[in-house]
Amino acid sequence: MQVDTLILGAGAAGMMCAAQCGGRTLIIDHAKAPGEKIRISGGGRCNFTNLYTAPDNFLSANPHFCKSALGRYTQWDFIALVEEYRIAWHEKTLGQLFCDNSAKDIVAMLRSEMARAGADLWLHTSLSDLRHDGTDFVATLEAQGARRSVTARNLVLATGGKSIPKMGATGLAYDVARQFGLTVTDTRAGLVPFTFPEGRFADLAGVALPVRAQAGTASFDEAMLFTHRGLSGPAMLQISSYWQDGAPITVNLDPQGTLLDTLRNQRARAGRHNLTTELARHLPARLIAALPAQTGLSLAGNLADQSDAALTRLCGALSNWQLTPGGTEGYRTAEVTLGGIDTAGVSSKTMEARSLPGLYVIGEALDVTGWLGGYNFQWAWASGAAAGRAISEKTNRAP
Ligand SMILES: Cc1cc2nc3c(=O)[nH]c(=O)nc-3n(C[C@H](O)[C@H](O)[C@H](O)COP(=O)(O)OP(=O)(O)OC[C@H]3O[C@@H](n4cnc5c(N)ncnc54)[C@H](O)[C@@H]3O)c2cc1C
């Protein structure tokens with residue numbers, strides 16, 4: 001069978017690309033349905049983009065690489081598509097857009113777009129052999145024991161990263177990239193909860209509060225959640241992408257920076273109040289009860305017993321809690337994979353490999369990783385559209 005374009009992976013990026021390619025397109029996936037991560041994302045409502053998407057929201061060895069694609073297929077383009085399909089949406093927080101109804105609406109929309117473009121979708125299909133004959137890619141595909149050879153002028157790697165193997169994530173894109181001479185940078189789990197040894201926070205499991213979390217130079221003001229195994233919540237997921245193994249993270253329990261003034265004022269007004277009672281107006285009571293054992297801080301006595309120096313020391317400690325995670329939950333629960341196919345070998349305009357014309361890489365397989373909040377899907381849409389449009393132009397030009 002001969003096609004113009006073979007796309008490996010019917011996830012977010014692959015489906016967007018297939019919808020834009022033109023010519024004869026075949027998209028394959030080993031899963032039983034396309035877009036499974038879209039379906040489960042955002043608690044079933046898919047945080048499909050972010051109003052404030054900008055290149056600064058992405059991590060990559062080359063922070064400039066994502067600019068071109070993000071600039072040519074923007075959040076507004078995707079919102080326009082969603083509106084064309086009359087999918088109702090709302091902004092939850094921080095520019096994060098979710099479906100009102102179901103993430104399945106986004107999958108159905110992309111399937112319709114692929115059908116409109118005339119792309120064929122083969123599910124339960126995997127790649128068993130691949131070579132380049134000097135002109136075309138020659139792939140042997142396997143579906144339910146049967147093998148078929150497919151010849152394609154263009155090959156798009158869209159099988160994503162390693163996150164959540166249970167959902168079908170594999171390193172296929174990395175293997176194919178290496179086969180054709182591209183470099184793959186080290187990968188690690190991103191947007192992932194931290195673990196701490198010996199159930200350090202087990203007694204606090206379920207407690208959540210707003211914090212400022214910092215790892216290296218990155219900091220995020222969002223919620224933190226204590227879990228049986230460690231720390232999670234958006235603040236922790238965000239800084240996990242910036243965290244280096246063995247390094248401490250800093251948790252500021254007073255992100256507004258108002259606690260010291262508040263305690264001083266209360267001391268003047270109600271000095272006989274217990275310090276812990278007053279703190280419980282600002283922090284969860286279970287956390288306050290655990291703080292002496294967790295931090296070595298003494299919270300004994302009334303407000304009136306606390307000198308200015310003591311209150312300053314206390315607030316300083318609460319705003320600079322240094323914690324060293326034992327590790328992370330890893331690819332088992334990570335939302336994304338950091339690192340991947342080195343962007344140095346890929347055109348930022350077309351996503352085409354410099355060393356082998358006709359080979360394209362899109363989505364999470366590339367060394368481009370977004371923050372939590374709809375940025376990763378926006379990268380999938382933008383990079384998929386960049387490759388799809390480039391292929392379309394090429395296919396239309398071909399004799
Ligand atoms: C639980 C969870 C929730 C998330 N929520 C959000 C969110 O709300 N907003 C957001 O922006 N991002 C979210 N993300 C991240 C987002 O899902 C990914 O960044 C995005 O899906 C990447 O798109 P992709 O097309 O590159 O890869 P994927 O969407 O992962 O698609 C890859 C496809 O390739 C297929 N595949 C893999 N290996 C093979 C193989 N060997 N043979 C054949 N097929 C193969 C897979 O089955 C899959 O269909 C979430 C991720 C997870 C895990």
Side-chain angles (χ1 to χ4, degrees), residues 6-19 26-50 53 57-59 75 78 89 92 94-99 103 106-107 110 121-128 130 139 141-143 156-176 189-193 234 237 241 329-338 340-341 351 360-385 387-388:
L6 172 62
I7 302 175
L8 304 180
M15 285 200 282
M16 176 54 93
C17 182
L26 172 64
I27 178 166
I28 67 138
D29 203 294
H30 64 172
K32 65 177 191 304
E36 281 293 86
K37 278 192 184 164
I38 301 173
R39 183 180 60 80
I40 63 148
S41 67
R45 290 219 159 84
C46 186
N47 177 193
F48 56 80
T49 193
N50 193 294
T53 305
N57 308 118
F58 295 83
L59 295 87
Q75 55 272 43
F78 195 77
W89 55 270
K92 202 165 174 183
L94 303 171
Q96 301 168 7
L97 304 193
F98 287 76
C99 299
I106 300 289
V107 180
L110 292 167
L121 169 65
W122 292 1
L123 297 168
H124 298 290
T125 303
S126 49
L127 179 74
S128 55
L130 178 66
L141 302 179
E142 194 166 331
V156 183
L157 305 183
T159 52
K162 292 184 186 171
S163 306
I164 320 219
K166 259 193 178 170
M167 290 197 65
T170 68
L172 180 68
Y174 308 142
D175 297 340
V176 174
L191 300 182
V192 63
L237 299 184
S241 296
E329 296 281 1
Y331 293 121
R332 192 177 59 82
T333 64
E335 276 200 20
V336 286
T337 302
L338 292 152
I341 297 168
M351 305 292 138
Y360 295 79
V361 190
I362 57 176
E364 204 181 311
L366 275 164
D367 171 25
V368 176
T369 308
W371 290 359
L372 185 78
Y375 302 100
N376 284 294
F377 279 137
Q378 187 57 39
W379 171 246
W381 316 137
S383 58

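Predicted, not measured: the structure shown is a model, and the values here were computed from it. One-based numbering, in listed order, for ligands and for the atoms of each. Below, each value reflects all heavy atoms present in this structure, side chains not excepted, and no hydrogens, waters or symmetry copies.
- Proximity of Pro34 to ligand 1, defined as any heavy-atom pair under 4.0 Å, is not found for any part of the residue.
- The nearest protein atom to atom 38 (N) of ligand 1, hydrogens excluded, is given as Thr170 OG1, 2.7 Å; this is a heavy-atom distance.
- Of all the atoms in ligand 1, the ones that sit under 4.0 Å from a non-hydrogen atom of Gly363 are 26 (O).
- With Glu364, Lys166, Met167, Arg39 as candidates, the residue nearest to atom 26 (O) of ligand 1 on a non-hydrogen basis is Glu364.
- Looking at heavy atoms from C-beta onward, Pro234 lies in side-chain contact with Leu372 at the 4.5 angstrom threshold.
- For Trp379 and Tyr375, the ring centers are positioned 6.0 Å apart or more.
- Of all protein heavy atoms, the one lying nearest to atom 5 (N) of ligand 1 is Ser41 CB, 3.2 Å.
- If you take CH2 on Trp371 and CG on Leu59, they are separated by 9.0 Å, rounding to the nearest 0.5 Å.
- Looking only at protein heavy atoms, the nearest one to atom 15 (C) of ligand 1 is Glu335 O, 3.6 Å.
- Under the 4.5 Å side-chain criterion, counting only non-hydrogen atoms from C-beta, Met15 is in contact with Ile38.
- Between Tyr174 and Gly161, the closest heavy-atom pair is OH-CA, 3.4 Å.
- For atom 27 (O) of ligand 1, the closest heavy atom belonging to the protein is Gly160 CA, 3.5 Å.
- Across every non-hydrogen atom of Gln96 and Gly373, the tightest pair is CG-O, 3.5 Å.
- Here Asp367 contributes atom CG and Ile341 contributes atom CD1; the two are 10.0 Å apart, rounded to the nearest 0.5 Å.
- Annotation for ligand 1: atoms under 4.0 Å from non-hydrogen atoms of Gly374 are 9 (N), 10 (C), 11 (O).
- Under 4.0 Å from ligand 1, heavy atoms of Asn47 appear from its side chain as well as its backbone.
- Some N or O of Ala12 is nearer than 3.5 Å to an N or O of ligand 1, by distance alone.
- For the pair Ser163 and ligand 1, no heavy-atom separation below 4.0 Å is found.
- Within the 4.0 Å heavy-atom criterion, the part of Tyr375 lying near ligand 1 is the backbone and not the side chain.
- The nearest heavy-atom contact from the protein to atom 10 (C) of ligand 1 is Phe377 CD1, 3.1 Å.
- Listed by atom number, the atoms of ligand 1 under 4.0 Å from Ile40 heavy atoms are 1 (C).
- Considering CG of Asn376 and OG1 of Thr49, their distance stands at 10.5 Å, rounded to 0.5 Å.
- Looking at Asn376 against ligand 1, both its backbone and its side chain come within 4.0 Å, counting heavy atoms.
- Residues Ser163 and Ala334 come closest through the heavy atom pair CB-O, 3.1 Å.
- Close approach of ligand 1 to Ala158 (heavy-atom distance below 4.0 Å) involves ligand atoms 32 (C), 33 (C), 34 (O).
- Listed here is the closest heavy atom pair of Leu94 and Asn50: O-ND2, 3.1 Å.
- By heavy-atom distance, the residue among Thr159, Asp29, Leu127, Ile164 lying nearest atom 46 (C) of ligand 1 is Asp29.
- Atom numbering of ligand 1 starts at 1 in the shown order; those under 4.0 Å from a heavy atom of Leu172 are 40 (C), 41 (N), 42 (N).
- Of the protein's non-hydrogen atoms, the one nearest atom 36 (N) of ligand 1 is His30 NE2, 3.5 Å.
- Note: Cys46 SG to Ile106 CD1 = 5.0 Å, rounded to the nearest 0.5 Å.
- In the vicinity of Gly42, heavy-atom distances shorter than 4.0 Å reach the ligand 1 atoms 5 (N), 8 (O).
- In the vicinity of Gly168, heavy-atom distances shorter than 4.0 Å reach the ligand 1 atoms 37 (C), 38 (N).
- In plain terms, the two heavy atoms of Gly330 and Ala189 that are nearest each other are C-CB, 3.6 Å.
- Here Thr49 has no heavy atoms under 4.0 Å from ligand 1, in either its backbone or its side chain.
- A side-chain contact (heavy atoms from CB on, under 4.5 Å) with Ile27 is found for exactly one of Leu6, Thr125, Ile7, namely Ile7.
- Scanning all protein heavy atoms for the shortest distance to atom 25 (O) of ligand 1 gives Ala13 N, 2.8 Å.
- Between Met16 and Trp381 the shortest heavy-atom distance is CG-O, 3.3 Å.
- Protein heavy atom closest to atom 31 (O) of ligand 1, with residue, atom name and distance, is Gly11 CA, 3.2 Å.
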